[in-house]
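One structure is given below, encoded as structure tokens.
Being a predicted model, the structure only gives us computed values, none of them experimental.
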Amino acid sequence: MLLTNVVVGLIQLIISIIFAVLALYIGFAVLGKITKGMNEEKELARGNAAVGIIVAAVFVAIALVVQSGVSGLTVGINKAISVGILSVDGMLAIGVSFIQLILGIVLAVGAIYLALNILDKLTKGVEEFEEIKKGNVAVALEMGGVIIAVAVIIQSGVIGITAALI
């Protein structure tokens, strides 16, 4: 049983790393779409701290949500092992866990996109992305706070999905 637990743990670690890298890549790509033509890589290379804050906030937000999805995957794999990993219930538990993890990534990226667009509409007197491009750290902190707050709320929802489905 100890060897089984080690193998399952290693599989979970590998899956977690793959999904984490994938989620961060998707988040960075979506951020590029949201920022209306700003080249984040060039801005980071020239030392724009405001862009760095936004990128870091997106990465932290995605990590929060993916972490809850990985926890759900762990629950699903453990359930599959307890009922028989190759049984219908075991395969269903693993499948639902993967769907929940992917759903978590999609929800995180979608919620960040939606939150930033709503923030942009609410603050008509401030062009957030232009300010960030200029290096306005105050605006970056405001947006970073919104991004992380949304992720914390979404994380609770993803945990709730896990509890309901598995």
Please walk me through it: do Tyr113 and Val109 pass side-chain contact (heavy atoms from CB on, under 4.5 Å)? CA-CA 6 Å; Tyr113 181 83; Val109 172; 5.5 Å; no
In short, Ile54 meets Ala140 closest at the heavy-atom pair CD1-O, 3.4 Å
Path from Ile62 to Ile18 over hydrophobic side-chain contacts below 4.5 Å: no
Separation between NZ of Lys133 and CG of Asn39, rounded to the nearest 0.5 Å: 8.5 Å
side-chain contact (heavy atoms from CB on, under 4.5 Å) between Val126 and Glu142, worked out: CA-CA 12 Å; Val126 179; Glu142 170 207 25; 5.6 Å; no
Same hydrophobic cluster for Val55 and Leu64, using side-chain heavy-atom links shorter than 4.5 Å among ILVMFWY? no
Sole candidate of Val139, Val146, Leu141 that passes side-chain contact (heavy atoms from CB on, under 4.5 Å) when paired with Met143: Val139
What I want to find out is whether Lys134 reaches Glu131 closely enough, with some N-O distance under 4.0 Å, to be called a salt bridge. yes
Can a donor-acceptor pair be found, under 3.5 Å and without considering hydrogens, that links the side chain of Asp89 to the backbone of Gly84? no
Taking atom CZ of Phe59 as the centre, report whether more than 12 heavy atoms of other residues, nucleotides or ligands fall under 6.0 Å from it. yes
What are the two closest heavy atoms between Phe28 and Glu40, and how far apart are they? CZ-CB, 3.9 Å
CG of Leu31 to CG of Leu116: how many Å apart, nearest 0.5 Å? 7.5 Å
Would you say Val30 and Leu22 are hydrophobically clustered, going by side-chain heavy atoms of ILVMFWY under 4.5 Å? yes
Atom pair OG (Ser16) and CD1 (Ile11), whose distance is rounded to the nearest 0.5 Å: 11.5 Å
Working to the nearest 0.5 Å, report the span between CG of Asn136 and CD of Glu127. 12.5 Å
Give the minimum heavy-atom separation between Glu43 and Val51, together with the two atoms involved. CB-CG2, 3.6 Å
Heavy atoms only: give me the nearest Lys124-Lys121 pair and the separation to one decimal. CG-O, 3.2 Å
I need the minimum non-hydrogen distance between Ile148 and Ala61, along with the two atoms involved. CA-CB, 4.5 Å
Nearest 0.5 angstrom please: Asn48 CG to Ile53 CD1, how far? 9.0 Å
Does Leu24 belong to the same Ile/Leu/Val/Met/Phe/Trp/Tyr cluster as Ile17, with side-chain heavy atoms less than 4.5 Å apart forming each link? no
For the atom pair CG (Leu114) and CD1 (Ile112), what is the distance rounded to the nearest 0.5 Å? 11.0 Å
Taking a hydrophobic cluster as the set of Ile, Leu, Val, Met, Phe, Trp and Tyr residues connected by side-chain heavy atoms closer than 4.5 Å, whether directly or through intermediates, do Ile153 and Val65 fall within one such cluster? no
Taking all heavy atoms of Val83 and all of Gly90, pick out the closest pair and write down the distance. CG2-N, 3.6 Å
